[in-house]
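Encoded as structure tokens, the structure appears first; notes follow it.
Computed from a prediction, not measured in an experiment: that's the story for all the values here. Below, each value reflects all heavy atoms present in this structure, side chains not excepted, and no hydrogens, waters or symmetry copies. By convention here, the first residue in the shown sequence is residue 1.
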Amino acid sequence: MSEKTPESCPEWETILHCYVDDELDAVHTIQFEQHLATCPQCTAALEGLKDMKRVVGRDGVKWKAPDEVRARIMTAISLEEARRQAQAPGTRRRENAWWRGLQLFGQWSFMPSMAALAATLMLVLGNPQVNAPIQNELLASHVRSMLANHLVDVQTSDQHTVKPWFNGKIDFSPPVVDLAADGFPLIGGRVDYINGRVVAALVYRRHGHVINLFVWPGAKVERSETMHDGYNLVEWSGGGLVFWAVSDVSPPDLAAFRDNFSRAAGL
């Protein structure tokens with residue numbers, strides 16, 4: 001395109017790109033729309049980006065990265081956020097991670113050329129963090145589910161709704177139980193991408209903390225409890241499935257979740 005996109009206010013540029021891509025939460029959407037009402041520069045820039053998005057979205061114009069490439073890029077981004085959260089002061093971790101995530105998404109939203117896209121893919125795919133152990137992938141998915149406001153695809157505490165929702169989306173049937181009576185209420189479920197395959201992710205809460213439980217078919221494994229970049233992970237197996245629970249709850253709470261889940265699921 002030869003026509004230059006109108007410039008926006010520098011301090012709102014990242015949020016502008018995320019707004020166009022529907023990546024803002026409700027609070028920041030309201031804040032930005034209030035700013036738009038008084039800023040003709042950002043309004044003009046918004047219309048320019050919408051025009052660009054329409055052109056790029058036409059058949060034969062837009063190149064879509066393969067799902068595996070996108071998943072690996074998102075894993076690398078989320079892993080960086082997880083490490084920064086573990087090092088940041090506790091009162092600022094979530095805010096800083098959210099803002100850094102917006103910056104990264106904004107930078108990715110409108111690449112100026114295919115050369116820049118290729119260079120970015122080379123950097124990310126060549127980064128040894130992307131090929132890190134499975135704990136890194138699990139932790140990245142856990143953090144990404146909260147940063148990207150994509151905690152669940154089906155939001156309900158009804159296990160009889162969540163379990164059939166997975167039919168046709170994955171090639172196995174994960175056990176789904178509600179553990180509200182044990183202090184771990186079910187929030188819902190989603191599909192995720194771990195270790196080169198699509199997996200089930202069941203989401204629970206414990207006193208305001210999120211527990212992501214990842215499930216996929218696999219051979220029997222020994223129970224393990226580890227800490228990775230400030231988060232706790234537990235692994236176990238049963239019924240031909242492998243289970244990984246990831247959370248920032250205390251190790252005893254996560255172990256209790258594992259035991260209660262296994263008991264309720266009959267594993």
**Fill in**
Leu254 and Asn232 have their tightest heavy-atom pair at CD2-O, 3.3 Å

**Message:** Taking Asn195's backbone N and O only, do any of them form a donor-acceptor pair with Glu137's side chain (distance below 3.5 Å, no angle check)?
**Reply:** yes

**Request:** Would you indicate whether the side-chain heavy atoms of Val20 and Leu46 approach each other to under 4.5 Å?
**Result:** yes

**Asked** By ring-ring contact (aromatic ring centres under 6.0 Å, His included), which residues pair with Phe166, not counting sequence neighbours?
**Response** none

**Check: Val249 main-chain N/O paired with Arg206 side-chain donor or acceptor under 3.5 Å** = no

Under 3.5 Å, side-chain donor or acceptor atoms of residues 174-188 against the rest of the protein: list the pairs with distances, not counting sequence neighbours.
residue: Asp178; atom: OD1; partner: Ala180; partner atom: N; Å: 3.3
residue: Asp178; atom: OD1; partner: Leu186; partner atom: N; Å: 3.0
residue: Asp182; atom: OD2; partner: Arg263; partner atom: NH2; Å: 3.0

**Message:** Could you check whether any side-chain N or O of Ser262 sits under 3.5 Å from a backbone N or O of Asp259, counting only pairs where one atom can act as donor and the other as acceptor?
**Reply:** no

**Prompt:** Val198, Phe214: one ILVMFWY side-chain cluster at the under-4.5 Å cut-off?
**Reply:** yes

**Prompt:** Is any side-chain heavy atom of Val199 closer than 4.5 Å to a side-chain heavy atom of Val191?
**Reply:** no

**Asked** Mind checking whether Val215 and Val242 have side chains closer than 4.5 Å, heavy atoms only?
**Response** no

**Item:** Contacts of type side-chain contact (heavy atoms from CB on, under 4.5 Å), residue Asp158, not counting sequence neighbours
**Value:** Thr156, His160, Thr161

**Item:** Residues which pass ring-ring contact (aromatic ring centres under 6.0 Å, His included) with Phe243, listed by chain and number, not counting sequence neighbours
**Value:** Trp236, Phe261

**Prompt:** Are Arg144 and Asn212 linked by a side-chain donor-acceptor pair shorter than 3.5 Å?
**Reply:** no

**Asked** Who are the side-chain hydrogen bond (donor to acceptor under 3.5 Å, both in side chains) partners of Arg258, not counting sequence neighbours?
**Response** Glu225

**Request:** Kindly give the heavy-atom pair with the smallest separation between Leu202 and Tyr204, and that separation in Å.
**Result:** CB-CE1, 3.8 Å

**Prompt:** Given side chains that start at C-beta, do those of Glu13 and His17 come closer than 4.5 Å, heavy atoms only?
**Reply:** yes

**Message:** Within a 6.0 Å radius of atom CD on Glu47, are there more than 12 heavy atoms belonging to other residues, nucleotides or ligands?
**Reply:** yes

**Prompt:** Are any of the side-chain heavy atoms of Arg205 and Ile211 separated by less than 4.5 Å?
**Reply:** no

**Request:** Would you indicate whether the side-chain heavy atoms of Val203 and Leu213 approach each other to under 4.5 Å?
**Result:** no

**Asked** Any side-chain heavy atom of Arg223 within less than 4.5 Å of one from Val234?
**Response** no

**Item:** Listed partners of Lys220 passing side-chain contact (heavy atoms from CB on, under 4.5 Å), at least two apart
**Value:** Ser237

**Request:** Would you mind reporting whether Leu138 and Ser141 have side-chain heavy atoms less than 4.5 Å apart?
**Result:** no

**Prompt:** Does Trp165 have Lys163 sitting over its ring (NZ/CZ under 6.0 Å from centre, angle to axis within 45°)?
**Reply:** no

**Asked** Which is it for Arg197 and Asp171 under the salt bridge (Lys or Arg N to Asp or Glu O under 4.0 Å) test, yes or no, and what are the steps along the way?
**Response** CA-CA 10 Å; Arg197 68 162 297 151; Asp171 57 2; 2.8 Å; yes

